[in-house]
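Below: the structure, in structure tokens.
Count residues from 1 along the sequence.
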Amino acid sequence: MRKKLFAGFIGCTMLFGSLVAGCSTDQLSTTNSNAASSESKNAALPAESVIGEDYVFPNKIEGMPATLSDFKDLKIGSFETSDGVELSYWAAGKGEPLILLPGYSLNGAHFLNVMYLLSDNYRVYTLDPRNQGLSEDVKYGNRLSRHATDLMEFTEYLGIKSADFVGHSMGAATLWSYIDLYGTESIKKVVFVDQPPIITPRFGMTDREIQNMGVPFASIEQLEEAMLALDFSTMESLSTPYYENTWTLSNEFAKNNKDYLNRIIYDHGTNDWRDVIQNKIDVPVAIFSGELSPNLKGQQWIHSVIPGSTLYVYSKEEFGDHSLMEKNPVKFAEDLQNFLK
């Protein structure tokens with residue numbers, strides 16, 4: 001219910017804004033005039049006004065926002081997909097467009113620190129997938145092919161012709177589906193963060209192949225049981241103040257309904273993306289993983305089959321697990337910008 005209220009608030013405020021001249025203060029990159037034109041007509045609003053209040057982060061970190069309103073450029077907007085779903089997005093910064101796609105259960109709040117660090121050089125967007133974050137809960141379209149279409153329609157809504165893309169976990173699988181369906185014409189560079197190319201074994205795979213690919217679950221039933229029981233906020237053995245700040249913000253304002261969230265698990269768990277990874281990616285690629293991630297072998301395989309790709313492996317001291325983007329956003333943002341440049 002809270003998520004639907006947020007979407008309604010955004011829509012009503014936009015309608016009011018269309019009647020009052022000069023309501024939009026969203027500053028956009030001059031390098032992408034189509035995106036600027038679209039966003040100025042469909043103004044995103046300051047984050048604290050969308051969620052209804054300011055937010056004080058539990059950990060004060062030098063050089064980072066102490067409150068949500070300290071991230072002065074952060075806006076939240078929404079758009080409607082072709083199948084009638086209201087999807088929310090987070091936006092900040094100026095420059096060339098950079099689109100971030102969160103993994104299963106995550107949303108723009110989790111990428112807040114990364115967005116802040118990148119916003120001086122990029123126009124950064126994070127799209128909340130359907131049934132996640134501030135986006136609408138629906139019983140249909142819960143397939144990665146539909147998520148990929150949502151992404152395509154999001155770029156069309158913004159008027160973005162080409163951008164850099166980053167997908168974390170299931171967000172990387174969304175990008176593989178996007179590339180499979182729409183190719184790479186709109187992608188300048190692409191980054192995959194710690195998503196296995198296969199989550200459950202394919203028929204005929206040998207034990208050695210399963211081990212070398214780092215396939216994390218023995219069956220779809222095991223995957224579903226694990227996801228249904230999973231509490232992402234407590235699953236990691238290592239934590240950082242950055243991680244705690246983003247999780248508390250998300251838990252306060254962007255709670256997921258598991259009855260809707262879990263509808264994507266079966267489709268996510270039964271896909272095999274090896275053909276796309278090996279044959280359809282013809283743009284510069286970076287892959288991020290860590291020594292503590294159970295998915296490291298899968299990332300090493302991706303690196304081995306994409307010529308010229310760059311592999312970043314974070315150590316334990318660098319908080320190199322599945323949540324490395326959240327736990328170590330300073331290093332991640334620096335490495336990402338070096339790759340994109």
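- When N131, D267, N262 are each tested for a side chain to side chain donor-acceptor pair (under 3.5 Å) with N142, only one passes: N131.
- Under a 4.0 Å N-O distance rule, the pair K188/E96 qualifies as a salt bridge.
- A donor-acceptor pair is defined here as one N or O able to donate and one able to accept, closer than 3.5 Å; no such pair exists between the side chain of S177 and the backbone of T174.
- The side-chain hydrogen bond (donor to acceptor under 3.5 Å, both in side chains) search around E153 returns S82, R146, not counting sequence neighbours.
- Counting only N and O atoms by type, the side chains of N295 and D194 include a donor and acceptor under 3.5 Å apart.
- Formation of a donor-acceptor pair under 3.5 Å by the E334 side chain with backbone atoms of K331 is not found in this model.
- The backbone N or O of S323 sits less than 3.5 Å from a side-chain atom of D321, completing a donor-acceptor pair.
- Nearest heavy-atom pair across P102 and T126 is CD-CG2, 3.9 Å.
- A side-chain donor from one of D70 and T67 sits under 3.5 Å from a side-chain acceptor of the other.
- Annotation: F57 is in aromatic contact with Y55 [ring centroid separation under 6.0 Å].
- Taking the salt bridge (charged side-chain N to carboxylate O under 4.0 Å, His left out) definition, one finds that R263 meets it with nothing, sequence neighbours left out.
- Ring geometry for Y125 versus F154: interplanar angle over 60°, hence perpendicular rather than tilted (30 to 60°).
- When every heavy atom of Y182 is checked against every heavy atom of M152, the shortest pair comes out as OH-CE, 3.7 Å.
- Between the R123 side chain and the G93 main chain, a donor and an acceptor come within less than 3.5 Å of each other.
- In the model, S69 has a side-chain atom that pairs as donor or acceptor with a side-chain atom of D54 under 3.5 Å.
- Closest approach of L296 and E291 over heavy atoms only: CD2-CA, 4.3 Å.
- When atom types are taken as modelled, the side chain of N271 and the backbone of W273 share no donor-acceptor pair closer than 3.5 angstrom.
- Within the structure, salt bridge (Lys or Arg N to Asp or Glu O under 4.0 Å) contacts touching residues 292-309 (residues at least two apart or in different chains) do not occur.
- Residues satisfying the side-chain hydrogen bond (donor to acceptor under 3.5 Å, both in side chains) test with R202, not counting sequence neighbours, are T200.
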Can you give me every donor-acceptor pair (side chain of residues 277-284, partner residue at least two apart or in another chain, under 3.5 Å) with its distance?
unit_1, atom_1, unit_2, atom_2, d
N279, ND2, D275, O, 3.0
K280, NZ, D180, O, 3.3
K280, NZ, D180, OD1, 2.7
D282, OD1, T184, OG1, 2.5

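- Using modelled atom types, one finds no donor on one side chain facing an acceptor on the other under 3.5 Å when comparing N107 with Q132.
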Let me have the donor-acceptor pairs involving side chains of residues 164-172, under 3.5 Å, with sequence neighbours excluded, atom names and distances please.
unit_1, atom_1, unit_2, atom_2, d
D164, OD1, K189, N, 3.0
H168, NE2, H322, O, 2.8
S169, OG, H322, NE2, 3.0

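- Nearest heavy-atom pair, L101 versus L127, reported as atom, atom and distance to 0.1 Å: CD2-CB, 4.3 Å.
- Counted by atom type alone, H110 and S250 present one or more donor-acceptor pairs between their side chains at under 3.5 Å.
- Shortest non-hydrogen contact noted between F71 and L112 is CE1-O, 3.7 Å.
- Under the 6.0 Å cut-off for aromatic ring centres, Y314 and F319 do not qualify, their centroids lying 6.0 Å or more apart.
- Checking N113 against E326 by side-chain atom types alone, no donor-acceptor pair falls below 3.5 Å.
- Side-chain contact check for S88 and D128: no donor-acceptor pair (N or O, by modelled atom type) lies under 3.5 Å.
- By the criterion of side-chain heavy atoms lying less than 4.5 angstrom apart, applied directly or through intervening Ile, Leu, Val, Met, Phe, Trp or Tyr residues, Y242 is not grouped with V56; the two fall into different hydrophobic clusters.
- Y140 and L261 fall within a single hydrophobic cluster, where Ile, Leu, Val, Met, Phe, Trp and Tyr side chains are chained together by heavy-atom contacts under 4.5 Å.
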- Start with the C-alpha distance between L100 and M115, add both sets of side-chain angles, then the distance that settles side chain to side chain contact (heavy atoms under 4.5 Å, CB included), and finish with yes or no. CA-CA 9 Å; L100 310 180; M115 292 184 69; 4.0 Å; yes
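- A distance-only check finds a donor-acceptor pair linking the side chain of Q222 to the backbone of A218 [under 3.5 Å].
- Side chain of N328 to backbone of L324: no donor-acceptor contact under 3.5 angstrom is found.
- A side-chain donor-acceptor contact under 3.5 Å links N256 to the backbone of G133.
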